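Below: one structure, written as structure tokens.
In what follows, every chain begins at residue 1, and chains take the letters A, B, ... in the order their sequences are listed. Keep in mind that this is a model prediction, so the values were computed, not measured.
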There are 2 protein chains.
Amino acid sequence: MSPGPGPTRKLVRPRGRRVGDPDAAARQGSVREHNLTLVLRHIIEAAVPPSRADVAAATGLTRATVSVLVERLFRAELIRELEPTTPQRVGRPAIPLAPASGTIAAIGLEVNVDYLGACALDLSGERLAERVIAGHFRNSDPREVLARVAALAAEVVTQLQDQGIRLVGACLALPGLVDSRRGPLRNAPNLGWRDLDVGAILRAHAVFDTLPLRVANEANLAARAEASFDRQIKTFVYVSGETGIGAGIVLNGEVYRGRHGWSGEIGHTVVDPRGPLCSCGATGCLERYAGKDALMLEAGLSPDQPIGVLVEAAERGDERALRSITDAGQALGVALANLVNLVDVDQIVLGGIYAPLEPYLFDAVVAQLRARVLSAPWATVTVRAAKVGAGPAMVGGAQAVLRRLIADPASWVAGGD
Amino acid sequence: MSPGPGPTRKLVRPRGRRVGDPDAAARQGSVREHNLTLVLRHIIEAAVPPSRADVAAATGLTRATVSVLVERLFRAELIRELEPTTPQRVGRPAIPLAPASGTIAAIGLEVNVDYLGACALDLSGERLAERVIAGHFRNSDPREVLARVAALAAEVVTQLQDQGIRLVGACLALPGLVDSRRGPLRNAPNLGWRDLDVGAILRAHAVFDTLPLRVANEANLAARAEASFDRQIKTFVYVSGETGIGAGIVLNGEVYRGRHGWSGEIGHTVVDPRGPLCSCGATGCLERYAGKDALMLEAGLSPDQPIGVLVEAAERGDERALRSITDAGQALGVALANLVNLVDVDQIVLGGIYAPLEPYLFDAVVAQLRARVLSAPWATVTVRAAKVGAGPAMVGGAQAVLRRLIADPASWVAGGD
DNA sequence: AGACTTTGTATTCTCGCTGAACTTATGCCC
DNA sequence: GGGCATAAGTTCAGCGAGAATACAAAGTCT
């Protein structure tokens, strides 16, 4: 029978997407996909560039198989060979393998209460481009703001395309409830945005005609960026303190998003049911005690000033400032104790405005954790400041896009062949 | 070279355990293991017994492959063929496949504040045996109580072995912090047990010489039992209300245990930081508002009476009883709102003493959820009473053991060949 | 210079799934 | 009742991917 597209043409069997999918059938191709990912991940995450033999030893594959897989990854420009190090060891010198740099990149975008930003990352983790605009976007006009974001993205995209770098996608970080399945932004109280299909608005701009765009929660993305900093720590909670307070829960190296993608809304966790009214309609939310506005106002400062002003006041020994920070720390400690009792993590990373407040804030947090976490006597919960610098959510967004590529290099290898 | 066990014998390469493990190399054998599990799971979880052809259609495997895999499962006594239904359809009649019954079983054990129990389940989910002893085990002597549990287990084991049923393992449910990695019980405040290697004590009894034993948290196991009741609902939180209050968080069909296995300790979540002192040392824990003791005492009843007494009082319209239940419901609602804000689940199942209190309790819970969950306007959180009957944790324990077998039938197939 | 050591590649083998043909068992229709 | 259509289950050649083994390559050590 000729393979023409006749009416009786057979339906294509839905191929098992990944070996990891427990509900799909596995076939030989799944094995290859799995191992391709395994090898790529190992090369990208290794502390020092490994040779083919190192990869084989670490993964349990044979050197022969690794050679074949490496060849594929190499041809797809996902990895590169480095110069052999001057060998101080007997035997044939190894060829170190590393993630390719400057071949493939992803774009991270962000809208926050006091800045907009765009950045680009390649597989080696290098920041190829960055644009940040400071401003005040509380109760801003979404279409106008998003147009500016699109302009930033366009700048970055043209810059990279001029260098011949291929772009795999973009991800926008927002401080609010983003529906991870159906796309629309539900509620970003501090931007004043509500029930808005941000993805659709942004995709109307020409830049995104060929560039796939995702939208995700700011804290979740920042958590991902922090996770990539220290890969040893696989399970932790990242708390993003800004005007609002969000948390990204990382379980075993994977950001936990929940049923709809709305996990980690610690800012609207109850600290005291009889406490003050919050913008969300409930009473006694953490945000009313430890959000930036509350911190600044309690210290007698304007909430629109940068956090550095509060830090300076604390450094001067200003009573009101110190009291404000300690109160916030207690509330934060209560909320985090609840989180730890529920989710059982043993590492907490405080980012955003909390990082510079570390010397004045953390003791109160730790004290509450010690008192209120049921398992505290058996496993101490460590609290530390975030290591990622500026724009963690932007970086995390780009990483999220790259991560998809890394998790499924087979499609890219086939496409670029 | 002769394959003798000389000193230069090659090390056995660590074989990739499962295809699901993202850090292990996949090989052809992994494909078979994966598909074997896939087929077995499909047969066990199907609403009506499927034929080989049905399984093939559902999984995406070919009928040829399914035939081979079914043959293996059949020989290992994991599944059985049913009589063909009187066919009302054209074509060769299908042979329905179902989980084997009465061939392989697992034991569930439980120690709780007011009863001990043991039960046995086979792959078809049938309860082959059950023993329950009522009593009061608050501040009991662990060794004495565990000896009684071992005796219960021994009774069940001999009964089953007389019937020629093979036992794959046992799992003990405890209301407290169980270290899922290193084994010891850390803290079961309501039993008064603390820092006790329950597993080791129990394993000293002869029954467990050949029977692998695990120890796990009561609420987590009860959640698993509830999950098996309605497989459609894959993500929910089960709340086990007894003297203490525990929660089992089920994400995508899998119980989330956390870093150490201590997740879901909702009973020691803070409802009001200035509230009354709790046995755990902190203040204002949920348990002080919605635990059985608090409920009974507030209603003017003795905490050692069964919950039915409170239900009857409420039915009579007793003011104190109704007030007590409503107060508990509010506190529970606050704690659950926090949980939902953090973990983003949209189903809550209330079990234990809360199930019979449904008509008087749930409204208060739902009201708090509606007011305090940030995402409430976009996705309602449903609250319902548990469906599993008596001893959910026991049943869940047995299921947990069987689940391991189902997740890795390859080992059993090879062993029973 | 030659033995030794380690890396990376080539070749053959095995294993498990696919696809297509084949067998079996039933209902339907004349 | 006998063919025909239909669906379930089985058999078998083929293929793709990793394992095992042997071998080539590129160095160090003596």
Note to self: Output the rounded distance in Å from CG (Leu36(A)) to C1' (dA17(D)).
What the structure shows: 12 Å
Item checked: All ring pair (Phe, Tyr, Trp, His ring centres under 6.0 Å) counterparts of His42(A), not counting sequence neighbours -> none
Heteroatom pairs (N/O) under 3.5 angstrom, protein to nucleotides 13-15 of chain D:
none

Item checked: Donor-acceptor contact present, side-chain Asn35(A) to main-chain Ala26(B), <3.5 Å -> yes
Next item on the list: Go through the structure and list residues passing salt bridge (Lys or Arg N to Asp or Glu O under 4.0 Å) with Arg127(B), not counting sequence neighbours.
Entry: Glu130(B)
Note to self: Please list all pairs meeting salt bridge (Lys or Arg N to Asp or Glu O under 4.0 Å) that have one or both residues in residues 248-258 of chain B, counting only residues at least two apart or in different chains.
What the structure shows: Glu254(B)-Arg403(B)
Margin query: Tell me whether the side-chain N/O atoms of Thr65(A) come closer than 4.0 Å to OP1 or OP2 in dA19(D).
Written below: yes
Notebook entry, point to check: What salt bridge (Lys or Arg N to Asp or Glu O under 4.0 Å) pairs are there with at least one residue in residues 47-56 of chain B, not counting sequence neighbours?
Noted result: Arg52(B)-Glu81(B)
Check: Tell me: CG of Leu38(A) to C1' of dG18(D), nearest whole Å?
Finding: 13 Å
Margin query: Applying side chain to side chain contact (heavy atoms under 4.5 Å, CB included), can you list everything that pairs with Gln347(B), at least two apart in sequence or on another chain?
Written below: Ile233(B), Phe236(B), Thr382(B), Arg384(B)
Checklist line | Arg32(B) CZ to dT18(C) P, straight-line distance once rounded to whole Å | finding: 15 Å
Notebook entry, point to check: Expressed in angstrom and rounded to an integer, what is the separation of Arg27(B) atom CZ from dG16(C) atom P?
Noted result: 12 Å
Check: Would you say a side-chain N or O of Asn35(B) is under 4.0 Å from OP1 or OP2 of dC17(C)?
Finding: yes
Between the protein and nucleotides 4-10 of chain D, which nitrogen or oxygen pairs come in under 3.5 angstrom?
unit_1, atom_1, unit_2, atom_2, d
dT6(D), O2, Gly91(B), N, 3.3
dA7(D), N3, Arg92(B), N, 3.2
dA8(D), O4', Arg92(B), O, 3.3
dA8(D), N7, Arg63(B), NH1, 3.2
dA8(D), N3, Arg92(B), NH1, 3.3
dG9(D), OP1, Ile95(B), N, 2.7
dG9(D), OP2, Arg52(B), N, 3.0
dG9(D), OP2, Ala53(B), N, 3.1
dG9(D), N7, Arg63(B), NH1, 2.8
dG9(D), O6, Arg63(B), NH2, 3.2
dT10(D), OP2, Ser67(B), OG, 2.4

Item checked: Qualifying residues under salt bridge (Lys or Arg N to Asp or Glu O under 4.0 Å), relative to Arg259(A), sequence neighbours excluded -> Asp346(B)
Note to self: Using whole Å, what does the distance between atom C1' of nucleotide dG18(D) and atom CD of Glu33(A) come to?
What the structure shows: 15 Å
Notebook entry, point to check: Among all residues two or more places apart in sequence or in another chain, which pass the salt bridge (Lys or Arg N to Asp or Glu O under 4.0 Å) test with Glu71(B)?
Noted result: Arg75(B)
